[in-house]
Asker: 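The following block contains the structure, expressed as structure tokens.
Lettering follows sequence order; numbering is per chain, from 1. Treat the numbers as computed from the prediction; the structure is a model and nothing was measured.
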Amino acid sequence: MSAPSLTPEIVLRTSPHLHSKRSVGVIMRNVVYAMLPVCAYAVYNFGISVLALLVVSTLSCVLTEHMFCRAAGRPSSIKDSSVIITGILLGLTLPPGFPLWMTAVGGFVAVGLGKMLFGGLGFNVFNPALVGRAFLQAAFPTAITTYTPAQATGRFLEFIPTSLTLPFMQPPVITDWVAKVRIDAFSGATPLTALKFDKVTTEIMPLFWGNVAGSAGETSVILILLGGVYLVARNFMDWRITASMLLSAMAMSGAFYLSNPTAFPNPLFMLFSGGLMLGAVFMATDMVASPVTPLGVWIYGAVMGVMTILIRLLGGLPEGVMYAILLANAVSPAIDNLTQPRVYGTKKKAEAKA
Amino acid sequence: MGHDHGATVSPSENMEAFLNGLWKQNPVFVQVLGTCPTMAITNSARNAVAMGLATLFVLVFSNMLISMVRRLVQKQVRIATYILIIATFVTMVDYIIKAVSIDVYKALGPFIALIVVNCIILGRAEAFAGKNPVWQSILDGFGMGIGFFIALFCLGSVREILGAGTLFGFSLFGSNFQPWVLFLLPSGGFFTLASWLLVFAWWKERGKAKEAQA
């Protein structure tokens, strides 16, 4: 933005010359709307602890962005709503009873380290929410794998005991509490933990509707898909990334399943369990961290799908979506470079040599 | 070094040779040298202090000896000579640590021997001790060594406090403290170093801004 001068100005700019009313803010707010049903169901499924979790994670993200903007002497960028997405996503990926003080730390790391230090929206190399979650996973490995049962009795009246842990203190052990509140057949183990450590496969229908244990917002496949359909219908989301990630995950787990149906779970279970849906719809499609070329997005999605299944089935962790997406974020510039379309009129390398 | 800052306010060149390493040319926070031991052994304050002292010792004595022999050594073989001198003192430190505390010796592991190739030491030999008089070289060794020591202690204490809730093994927050496991892992070293670099860069920028205002 140059200072206004008295001489008449000729404005030179490159395309696009037509502007739609689609600002960053509009897109980001629509993504938030698409996530609201998922949030609502998460609160219904796990109670007020999740409500507090989402509020704390969003507030800490927004405050962090505001603080960093002030420290840099820039106008605050919280109005474009992108930081709200980060906050909600972070909350949705955490266990329902995750201590709130740790959530606040996660929000600070997500936005501070994952976004603002790189220069804010548009410059983040990784999906900020996942940077925050990866930090929490490394810092507090016990708390982040402590899951509580879904649909627990009295979940709207009392917090999960771990939620209200005092800052910097260890969350209490909640085995007794879980035994007290759980309804039959709902255990605290997530479908993927049950698979990894007990070799038990959960049925498909509960996974589809979402009344299973897991991270706050990852359980309901149908609501996540609905949010995705809304975003795709309004052209706010690149459906190819989601499709590619899900298809490749399906193909990969299908190959494992066919090779040994007793040792490996069926592909549909792999598709509907854990954070794969949430990751594929809301995180993999992060506009900044994903490639832009048409072929590139397919490759990008495939990297994530394949890595997710490999980590789940062959790695030490029950869930691999987070690391798969972060890894794909890291290679996304390389994918872009390798898939640059040939400029019209130029020759392919092989032809040029011959 | 030392000679080309004639306009600064330091009382003498000797003093400047000493202070340079502490602050303006701090080997870790400003030059970002010697990051290998900085990352590897700063998971507790005790290890950091031990490594800092060991490096300080080697740095002072190798600087001194190298400065003494600087006119006798042919240019073509100077690196080999420096390494030989440094390795001698590292061997001494190795035995000293083994004699003082076998626990620390085990915790530092191969990194004691690796002081030989610590780029701060060879860097000071090449950049300073090989060109300057003995007394200044000793002061430079002290400055750089203490600067390195401070940096390691900054990292080690933060990582131990957050990663284990203790400092030098004493519990700070009671038994219910939630340790941040991350800070004991190598990645925690990177996070901590980056945070300290951030703090120092911010501090310097602020100083510059104030100078510009004045």
Side-chain angles (χ1 to χ4, degrees), chain A residues 64 67-68 70-74 95 97-106 108-110 112-119 125-126 130-146 161-174 316-317 322-323 326-327 330, chain B residues 29 32 35 39-40 42-45 154-214:
Chain A
T64 307
M67 243 166 52
F68 269 83
R70 275 193 64 164
R74 285 192 305 195
F98 198 64
L100 295 177
W101 74 265
M102 294 181 190
T103 312
V105 171
F108 177 78
V109 173
L113 187 75
K115 185 175 174 190
M116 299 316 283
L117 284 183
F118 284 102
V125 182
F126 299 102
L130 288 179
V131 171
R133 194 187 192 280
F135 182 90
L136 291 175
Q137 168 110 46
F140 311 116
T142 322
I144 210 162
T145 47
T146 305
T162 44
S163 286
L164 298 176
T165 314
L166 289 175
F168 299 102
M169 292 297 129
Q170 272 174 1
V173 179
I174 54 165
L317 294 165
M322 173 177 73
Y323 292 122
L326 286 173
L327 203 69
Chain B
F29 291 143
V32 201
T35 45
M39 291 297 157
T42 54
N43 49 11
S44 76
C154 283
L155 263 90
S157 53
V158 167
R159 287 179 71 183
E160 190 181 340
I161 290 172
L162 282 175
T166 59
L167 190 60
F168 291 109
F170 294 110
S171 173
L172 293 180
F173 306 103
S175 59
N176 208 17
F177 178 77
Q178 167 71 51
W180 302 36
V181 183
L182 172 76
F183 282 93
L184 296 183
L185 304 175
S187 52
F190 284 97
F191 278 122
T192 321
L193 178 62
S195 308
W196 276 114
L197 288 176
L198 188 74
V199 169
F200 270 70
W202 183 60
W203 200 336
K204 266 205 298 199
E205 287 295 311
R206 260 179 52 140
K208 267 188 208 159
K210 268 186 194 161
E211 259 175 40
Q213 268 181 358

Asker: Please report the shortest heavy-atom distance between B:Val181 and A:Ala138, naming the atom on each side.
Answerer: CB-O, 3.8 Å
Asker: From B:Phe177 CZ over to A:Met169 CE, what is the distance, rounded to the nearest 0.5 angstrom?
Answerer: 7.0 Å
Asker: Heavy-atom distances under 4.5 Å only: say whether B:Leu198 touches chain A with side chain, backbone, both or neither.
Answerer: side chain
Asker: For the CZ atom on B:Phe190, are there more than 12 heavy atoms of other groups (residues, nucleotides or ligands in this structure) within a distance under 6.0 Å?
Answerer: no
Asker: With a 4.5 angstrom heavy-atom cut-off, is it the side chain or the backbone of A:Leu117 that approaches chain B, or both, or neither?
Answerer: side chain
Asker: Which region of A:Pro99, side chain (C-beta onward) or backbone (N, CA, C, O), has a non-hydrogen atom less than 4.5 Å from a non-hydrogen atom of chain B, or is it both or neither?
Answerer: neither
Asker: Supply the atom-to-atom distance B:Leu182 CG to A:Phe140 CZ, rounded to the nearest 0.5 angstrom.
Answerer: 8.5 Å
Asker: Non-hydrogen atoms of chain B under 4.5 Å away: do they reach the side chain of A:Leu113, the backbone, both or neither?
Answerer: side chain
Asker: Heavy-atom pairs under 4.5 Å with chain A - which of B:Phe191, B:Phe173, B:Phe183 has more of them than the others?
Answerer: B:Phe191
Asker: Once the angle between the rings of A:Phe135 and B:Trp180 is folded into 0 to 90°, is it parallel (under 30°), tilted (30 to 60°) or perpendicular (over 60°)?
Answerer: perpendicular
